[in-house]
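Residue numbers start from 1 in every chain, and the chains themselves are labelled A, B, ... in the order their sequence lines are given, proteins ahead of strands.
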Amino acid sequence: MGSRVKRISFSDKVYALCKKIPKGKITTYKIIGRELGRRGQIYRAVGVALNKNKSKSVPCHRVVKSTGNIGGFARGVNVKIKLLKKEGIMIKNRKIVNFEKVLFRF
DNA sequence: GTCGTGACTAGCC
DNA sequence: CGGCTAGCCACGA
């Protein structure tokens, strides 16, 4: 009976979590990695996964650095900032304002 | 099976 | 406060 093989890769899990992020909130690469249950600094792989998935089907623009910096974006950091601002996130100097207030924890 | 890359993080001066 | 280095993980060729 168990012919249901879920070939879910690490990257796929990252996308799933990104979709879980509510509008107006953001998260960090570290938190995502931590939710995946892996030990160590896997946040590096998280960025790589999102970078390859430049599809807008995933709100990956809601993911920022743990330091509150915007980080990067496959379409351009400028676009990322604009999207976040539209969601209600305040950004100044490429940094998140009230970072802890808009930070979403799983 | 091995090597290199990348949207990161923390520590140090 | 600001900038730089080293370390770690997953994926592709």
d([atom1], [X]; [atom2], [N]) in whole Å:
X: A:Lys65; N: B:dG6; atom1: NZ; atom2: P; answer: 14 Å
X: A:Asp12; N: C:dC11; atom1: CG; atom2: C1'; answer: 12 Å
X: A:Ile42; N: B:dA10; atom1: CD1; atom2: P; answer: 14 Å
X: A:Asn69; N: B:dA7; atom1: CG; atom2: P; answer: 14 Å
X: A:Lys52; N: C:dA10; atom1: NZ; atom2: P; answer: 13 Å
X: A:Leu36; N: C:dC9; atom1: CG; atom2: P; answer: 14 Å
X: A:Lys95; N: C:dC1; atom1: NZ; atom2: C1'; answer: 11 Å
X: A:Ile96; N: B:dA7; atom1: CD1; atom2: C1'; answer: 13 Å

From the list A:Lys23, A:Arg62, A:Lys82, salt bridge (charged side-chain N to carboxylate O under 4.0 Å, His left out) with A:Glu87 holds only for A:Arg62

* Asked: Are the side chain of A:Tyr15 and the backbone of A:Ser57 linked by a donor-acceptor contact shorter than 3.5 Å?
  -> no

Inset, instruction - Say whether, by atom type as modelled, one donor and one acceptor occur between the side chain of A:Lys13 and the main chain of A:Ile8 under 3.5 angstrom. - result: no

Among [options], which is the nearest nucleotide to the side chain of [X]?
X: A:Val48; options: C:dC11, B:dG6, C:dC8; result: B:dG6
X: A:Ser66; options: B:dA10, C:dC11, B:dA7; result: B:dA10
X: A:Ala74; options: B:dA7, C:dA10, B:dT9; result: B:dA7
X: A:Gln41; options: B:dA7, C:dA10, C:dC8; result: C:dC8
X: A:Phe10; options: B:dT9, C:dA10, B:dA7; result: C:dA10
X: A:Ser9; options: B:dT9, B:dG6, C:dC11; result: C:dC11

Between the CZ atom in A:Phe104 and the CD1 atom in A:Ile31, the distance rounded to the nearest 0.5 Å is 9.5 Å

DNA chain B nearest-nucleotide lookup for A:Lys30 and A:Asn53: closer to the 5′ end is A:Asn53

> What is the nucleic acid contact for A:Tyr29, judged by heavy atoms within less than 4.0 Å: base, sugar-phosphate only, or nothing?
Replying inline: base

**Asked** When you check the phosphate oxygens OP1 and OP2 of B:dA7, does a side-chain N or O of A:Lys54 lie under 4.0 Å from one of them?
**Response** no

Residue pair A:Tyr43/A:Arg38 against DNA chain C: nearer the 5' end by closest nucleotide is A:Tyr43

Under a 4.5 Å side-chain heavy-atom rule over Ile, Leu, Val, Met, Phe, Trp and Tyr, are A:Leu83 and A:Val77 clustered together?
no

Paired to C:dC8 by Watson-Crick or G-U wobble criteria (both distances under 3.5 Å) is none

